[in-house]
Engineer: 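Before we start, here is the structure in question, set down as structure tokens.
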Number of protein chains: 2
Amino acid sequence: MTTQRQRLTPTAEPNGRRVTILDVATRAGVSPSAVSKVVRNAYGVSPAMRSRVRAAIDDLGYRPHAGARAMRGRSYSIGVVVTDVGSPFQIDVAHRIAVGLESTPYQESITSGGTSATQYRSRIDALVDRQVDGLVLVAPWIDPAEVAEIAATVPVVTVALHGTTTDFDMVVDDEELGARLVVNHLVELGHRRITLTSMPSLDWEEGFRLSHTARRDGFERAVRAHGLEPDVMDSWYSEDAGYAATLAALDRPQPPTAIFAGADIAALGALRAADERGVHVPDDLTIVGYDNIFAASIPRVSLTTVDASGAVTGDAALRLLLERIEGREQSVQYVVAPQLVVRGTSGPAPASR
Amino acid sequence: MTTQRQRLTPTAEPNGRRVTILDVATRAGVSPSAVSKVVRNAYGVSPAMRSRVRAAIDDLGYRPHAGARAMRGRSYSIGVVVTDVGSPFQIDVAHRIAVGLESTPYQESITSGGTSATQYRSRIDALVDRQVDGLVLVAPWIDPAEVAEIAATVPVVTVALHGTTTDFDMVVDDEELGARLVVNHLVELGHRRITLTSMPSLDWEEGFRLSHTARRDGFERAVRAHGLEPDVMDSWYSEDAGYAATLAALDRPQPPTAIFAGADIAALGALRAADERGVHVPDDLTIVGYDNIFAASIPRVSLTTVDASGAVTGDAALRLLLERIEGREQSVQYVVAPQLVVRGTSGPAPASR
DNA sequence: ATGAAAGCGCTAACAC
DNA sequence: GTGTTAGCGCTTTCAT
């Protein structure tokens, strides 16, 4: 009880001043550089000194000033930019990174990318201003050329950006495969008229593609492989758009027997459209999503979908990033295989007459 | 490790060095402090100088070094700690803060609080190390005494922490009122046997309460106001727990006619239990949740619930925090009224027929 | 193995 | 209104 126990706030000094490395050095009777070495687990400290310094650190409740560290060495923070905080996959990825970082000296700083490419870019810049030691960009909306520029300054790992580059690391769910799994599933069930509701590709998507484009490409390829002609409606990944697209599809003279909504959120809209029209799912119409969001698992919804495992993706992204920070020079691409999750909204095609 | 990196933004510097305030000053033919003033929109700069400096900044693509700024002045970053990234309310709050910050020089840094009080605390500490100018703590799991300590160092706004304090600002959804709205709704529908499934309170919750405790208190009070005896089951806010609690309640000799699940996620479990048992909702059993998560709005679910508006809450929290940073000394409590959202899972009590 | 000293990029006094 | 100067707390040579 005689010594200053570890204070919760770093203000063990008599005056309210923040505890600095100098205070610790004085207390331990060593030099500031010695303390610095201990803090960073650097080479060249005797065990004796190490323990004395550690004790002083505890006594004083010393915590290194991140800004000051960032000026000379590392900031020990890594930035994560997600585009859609409403996406469970993206949240999962971010969460896994946060969890994985717990056993490291790093801390994540998550930010949501905003609604435009400009905004997205400015978020990244702000992170770079904060001297993040690395960056994970989930489903980046900006031109990969820009990503490459950024990657020249700081290690970058992209998630859900499809393509090939030597400028940064990438982790992708194999969404072409995911789409193929869906198509195969549908064809096995006897479906021949399958409609995909998708999203328009972005301008820069040559060489690189975002999720929806990869899914569309995978869909078209898989459908053709079965000798069918792909039917794709340009829509959007939203509940309303899925609803509208489905109504339009059902209004055709020859409506599809299966709708692959491209994303669960759109599939929910499709489901609503079918329910309202009195079209029974899956007897009259099969609906499949992608993403395996939480709502898809609700028994009353029971949506057949594709699971991309944000956990595996997040783990991989973090590992790649830390490797880069440690000095790896070569770029790496990490591909995760998705899984089909068959639930209640998919069934045999209605007997063709 | 030290490969020659390319520059991030168009810079006139020949080597890859970062553009500093000195470079800008030289380019504009002024002093560094002048540049600093322009950047911070500080007082005492002539329009002529301002525009020259701005031009130099643009030419060079200068961006202030956040760490260096943090050493002398502000870090221009504010920390947001959420406990549950799966909670749409919390995500909403964080998102609104991010959006609100867009028109300010500040940037948010969101972090998820982890699964224990210790972890939660260490996340906060890491944020404080980064010299955040302010902190928003959403549903903080740590003892309010600790929050007060932190608030002595940096402005703090808590969200969803019920109580009174002069040490920090609070934004709360009036969850007692929310619970009362639910009870009144149920009683009006003729229900007399109403069961609340809730969560155990934390140790420190005397004087302060977290959401579930406030909801429980509100429930008990409202039920008594109608001359009934409160029936509360200790459970948890999860799908499985809601499921199990509902099965247990239905197994009673005198099962309830209405279950107030305390949270939507638990209500979904309750719904599953009822569906599995062949108990029709709402004819045989009414189920009500709280939070208005996305899944509650799906037509096939159509859950009656209470909406707390994460948007309004987030806006308020940010406003309060910025006021504090600007110098307000007095603490403020901001209470948001929730709204009952009546959907398809609530109906007239069966017993009264 | 340890410490002295020189900055990192910026802001805030205080000169002019 | 503008420039000069002195650090903020830390890491990193480079002595010893």
Engineer: Tell me whether the rings of A:Y106 and A:Y76 are parallel (<30°), tilted (30 to 60°) or perpendicular (>60°).
Structural biologist: tilted
Engineer: What is the distance, rounded to the nearest whole Å, between atom CD1 of A:I21 and atom P of C:dA6?
Structural biologist: 18 Å
Engineer: Rounded off to whole Å, could you give me the NZ-to-P distance for the A:K37 and C:dT2 pair?
Structural biologist: 8 Å
Engineer: Should B:E108 and B:R96 be marked as a salt bridge (charged side-chain N to carboxylate O under 4.0 Å, His left out) after you check the CA-CA gap, both sets of side-chain angles, and the distance that decides it?
Structural biologist: CA-CA 11 Å; B:E108 86 284 1; B:R96 287 302 288 198; over 6 Å; no
Engineer: Rounded to whole Å, how long is the line connecting atom CE of A:M71 with atom P of D:dG9?
Structural biologist: 12 Å
Engineer: Does a side-chain N or O of A:R18 approach OP1 or OP2 of D:dC8 to a distance below 4.0 Å, or not?
Structural biologist: no
Engineer: Please state how far atom CZ in B:R52 lies from atom C1' in D:dG3, giving the value in whole angstrom units.
Structural biologist: 13 Å
Engineer: Using OP1 and OP2 only, check whether a side-chain N or O of B:R69 sits under 4.0 Å from C:dT11.
Structural biologist: yes
Engineer: Could you tell me how far apart B:L22 (CG) and D:dG3 (P) are, to the nearest whole angstrom?
Structural biologist: 13 Å
Engineer: Below 4.0 angstrom from OP1 or OP2 of C:dG9, is there any side-chain N or O of B:T20?
Structural biologist: no
Engineer: Determine the minimum heavy-atom distance between A:V53 and A:A28, stating which atoms define it.
Structural biologist: CA-CB, 4.2 Å
Engineer: Could you check how far CZ of B:R130 sits from P of D:dG9, rounded to whole Å?
Structural biologist: 18 Å
Engineer: Among the nucleotides D:dG1, C:dA1, D:dC10, which one has an atom lying closest to any side-chain atom of A:H65?
Structural biologist: D:dC10
Engineer: Between B:T104, B:D133, B:V157, which is the residue that forms a side chain to side chain contact (heavy atoms under 4.5 Å, CB included) with B:L322?
Structural biologist: B:T104
Engineer: Take the protein atom OH of A:Y62 and the nucleotide atom C1' of D:dG9, then report the distance between them rounded to whole Å.
Structural biologist: 7 Å
Engineer: Indicate, with a heavy-atom threshold strictly under 4.0 Å, whether B:V45 touches base, sugar-phosphate, or nothing.
Structural biologist: sugar-phosphate
Engineer: Between B:S36 and C:dC10, does any side-chain N or O lie under 4.0 Å from OP1 or OP2?
Structural biologist: no
Engineer: For B:R40, which contact category applies under a 4.0 Å heavy-atom criterion: base, sugar-phosphate, or nothing?
Structural biologist: sugar-phosphate
Engineer: Do any side-chain nitrogens or oxygens of A:S33 fall under 4.0 Å of OP1 or OP2 in C:dA4?
Structural biologist: no
Engineer: Just how far, in rounded Å, is C1' of C:dT11 from CG of B:N41?
Structural biologist: 15 Å
Engineer: Using 4.0 Å as the upper bound for N to carboxylate O, is an ion pair formed by A:D129 and B:R69?
Structural biologist: no
Engineer: Name the residue closer to the 5' end of DNA chain D, choosing between B:P32 and A:V35 according to the nucleotide with the nearest heavy atom.
Structural biologist: B:P32
Engineer: Can a side chain N or O of A:Y43 be found less than 4.0 Å away from OP1 or OP2 on D:dT12?
Structural biologist: no
Engineer: Look at the side-chain N and O atoms of B:R72 and state whether any lies under 4.0 Å from the OP1 or OP2 oxygen of C:dA12.
Structural biologist: no
Engineer: Mapping A:Y76 and B:S31 onto DNA chain D by nearest heavy atom, which one lands closer to the 5' end?
Structural biologist: B:S31
